[in-house]
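Here the structure is laid out as structure tokens; the discussion comes afterwards.
Note that this is a predicted model, so its numbers are computed, not measured. The residues of the chain are indexed from 1 along the displayed sequence. Values below: all heavy atoms of this structure, side chains included; hydrogens, waters and symmetry mates excluded.
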Amino acid sequence: MPGADAPRTMQPMPQLDGLRAIAVLLVLVQHYLDVPLVRRLGPGGLGVWLFFVLSGFLITRILLDLRDALDAGRARLGTALKAFYARRFLRIFPLYYAVLLVTAALDVPPVRRTFAWHAAYLSNLYFARRGAWDGPVTPFWSLSIEEQFYLAWPLVVLAAPRAWCSRIVVATLALTPFLRLFYLHAFGRFAVGLLPLGCADQLVWGALLALCWHDPARLDAVRLRVRRVGIALGAPFVLLYPLLGPARAGSLGDVLATMLHLTLAAVAAFALVDAAGRGVGGIAGRALSSPPMRYIGRISYGIYVQHTFVRTLLLGVGAVPGLAAVGAWLREASRHELRWAPFATATVLLTATVSWYAFERPLNELKARFPYVRR
């Protein structure tokens with residue numbers, strides 16, 4: 001979210017922090033609770049898709065407000081782009097590269113062997129080329145996709161003619177499912193969502209929501225229609241899809257699932273982000289707005305970047321001289337999923353808290369040196 005130097009005053013939306021918390025907790029369940037039911041349901045994917053839609057929404061809101069400032073002559077394009085990329089750099093790069101360098105120094109496999117891919121934010125292409133995940137660096141695929149979006153999308157919103165933005169959004173939403181079908185036949189199922197633009201529509205559904213919020217007189221009807229589809233069709237599909245089992249390769253069901261699975265998940269997330277942004281009432285609203293959920297949402301980036309390495313390092317404690325007994329206890333605990341998951345979760349919450357207060361937050365405060373609009 002932009003600070004006080006944003007081109008327009010943006011009201012805080014505390015329930016979106018709660019959504020971030022839900023997204024990152026779903027990822028932790030996926031990676032810390034390795035039981036058949038979790039493997040079948042795949043909650044980590046739901047968490048990442050929610051992150052994508054939320055990121056597309058928040059970033060596009062900032063850029064649209066900034067575009068208004070540019071058109072009104074209150075900002076200059078070069079200054080605006082410099083501020084945007086500098087602020088993204090301060091939020092994302094330091095922790096990411098710190099984790100990469102530390103784990104490379106500790107020789108956590110496979111960091112050294114794959115370092116160049118991740119350092120260049122090309123992890124998604126590495127996994128697509130490999131055809132499989134690769135241990136604790138696996139979550140970096142989604143960070144690479146988001147960073148690629150952050151590099152390109154400001155140029156579309158800020159530098160291209162204003163009318164192009166909505167046209168590019170519509171074209172992306174319409175064409176990406178067909179691109180996934182091409183990827184399926186050309187490169188195989190595993191690579192579909194990892195190759196360039198393979199899941200771009202998820203980020204762009206969030207951008208569409210931002211456009212609807214920015215121009216309600218023209219687009220509020222679109223927002224309401226998409227939200228109804230998300231509730232009536234997207235959410236049930238997302239919940240029931242894991243229970244249906246994989247369709248036969250090459251069948252019509254397989255083709256439709258490849259094309260539309262991520263789309264329907266994004267439409268469901270569109271409805272969820274829209275509702276939380278406007279404020280959900282009742283028990284759900286109080287839960288999303290609760291201090292614990294908002295705090296977990298605030299440190300969710302640190303949790304996501306660190307969580308697989310925390311697990312790996314915990315299981316390697318026994319190799320440290322004098323800690324063999326602790327290492328044996330941790331290895332034994334890891335064999336009992338219901339005991340291991342709470343312990344590992346508490347550990348990563350602790351490391352992410354230390355990271356936030358000692359490292360991330362001080363760097364975030366430097367964003368004030370890069371205002372979007374020079375006063």
Side-chain angles (χ1 to χ4, degrees), residues 24 27-34 39 44 47-48 51 89-148 190-191 194 299-337 339-360 362-363:
V24 79
V27 172
L28 292 185
V29 170
Q30 175 82 45
H31 292 154
Y32 286 172
L33 194 60
D34 187 18
R39 286 197 295 271
V48 171
F51 270 131
F89 175 93
L90 289 170
R91 181 66 190 103
I92 295 171
F93 283 17
L95 179 65
Y96 179 79
Y97 286 112
V99 169
L100 266 182
L101 291 171
V102 168
T103 53
L106 295 174
D107 199 18
V108 175
V111 177
R112 290 185 182 178
R113 174 171 51 83
T114 61
F115 187 89
W117 290 96
H118 310 305
Y121 276 99
L122 296 175
S123 308
N124 56 322
L125 300 184
Y126 164 71
F127 293 119
R129 178 174 178 267
R130 187 173 188 268
W133 304 121
D134 199 7
V137 295
T138 292
F140 288 172
W141 75 271
S142 62
L143 300 178
S144 294
I145 286 175
E146 288 209 18
E147 188 59 30
Q148 292 156 19
F190 188 84
L194 296 171
I299 65 170
S300 58
Y301 177 60
I303 294 172
Y304 189 80
V305 173
Q306 299 173 46
H307 76 280
T308 48
F309 293 106
V310 166
R311 177 189 177 96
T312 300
L313 292 172
L314 283 174
L315 295 178
V317 163
V320 178
L323 295 180
V326 175
W329 182 86
L330 289 170
R331 287 193 299 274
E332 177 61 25
S334 70
R335 298 189 182 99
H336 305 278
E337 300 295 338
R339 183 191 307 171
W340 172 257
F343 176 79
T345 300
T347 303
V348 77
L349 287 175
L350 176 61
T351 62
T353 295
V354 173
S355 166
W356 171 252
Y357 284 105
F359 188 60
E360 296 172 72
L363 288 170

Could you grab the distance from atom [atom1] of [X] to atom [atom2] of [Y], nearest 0.5 Å is fine?
| X | Y | atom1 | atom2 | value |
| --- | --- | --- | --- | --- |
| S300 | F51 | OG | CZ | 4.5 Å |
| Q306 | L349 | CD | CG | 10.5 Å |
| R39 | D34 | CZ | CG | 4.5 Å |
| L350 | I303 | CG | CD1 | 11.0 Å |
| Y32 | H307 | OH | NE2 | 6.0 Å |
| L194 | I145 | CG | CD1 | 6.0 Å |

*Would Y96 and F140 count as a close aromatic pair, with their ring centres under 6.0 Å?*
yes

_Atom CZ of R113 with >12 non-hydrogen neighbours under 6.0 angstrom_ = yes

Please list every donor-acceptor pair under 3.5 Å in which a side-chain atom of residues 97-107 meets a protein atom from a residue at least two apart or in another chain.
residue: Y97; atom: OH; partner: A119; partner atom: O; Å: 2.6
residue: T103; atom: OG1; partner: V99; partner atom: O; Å: 2.6
residue: T103; atom: OG1; partner: L100; partner atom: O; Å: 3.1

*When you look at W340 and L314, which way does the side chain to side chain contact (heavy atoms under 4.5 Å, CB included) test go after all the steps?*
CA-CA 11 Å; W340 172 257; L314 283 174; 3.9 Å; yes

Side chain of [X], backbone of [Y]: donor and acceptor closer than 3.5 Å?
| X | Y | value |
| --- | --- | --- |
| Y304 | V48 | no |
| Q148 | Y121 | yes |
| S355 | T351 | no |
| R112 | F115 | no |

Is the shortest side-chain heavy-atom distance between [X] and [Y] below 4.5 Å?
| X | Y | answer |
| --- | --- | --- |
| R335 | R339 | no |
| Y301 | L143 | yes |
| F309 | V137 | yes |
| L315 | S334 | yes |
| T138 | T308 | no |

*Describe, in one word, how the ring planes of F127 and H118 are oriented to each other, choosing from parallel (under 30°), tilted (30 to 60°) and perpendicular (over 60°).*
tilted

Nearest heavy-atom pair of [X] and [Y]: which atoms, and what distance?
| X | Y | result |
| --- | --- | --- |
| E360 | R91 | OE1-NH1, 3.0 Å |
| A352 | I299 | CB-CD1, 4.0 Å |
| S142 | P139 | OG-O, 3.1 Å |
| A341 | L33 | CB-CD1, 4.0 Å |
| A128 | A191 | CB-CB, 3.9 Å |
| S123 | S144 | N-OG, 3.1 Å |

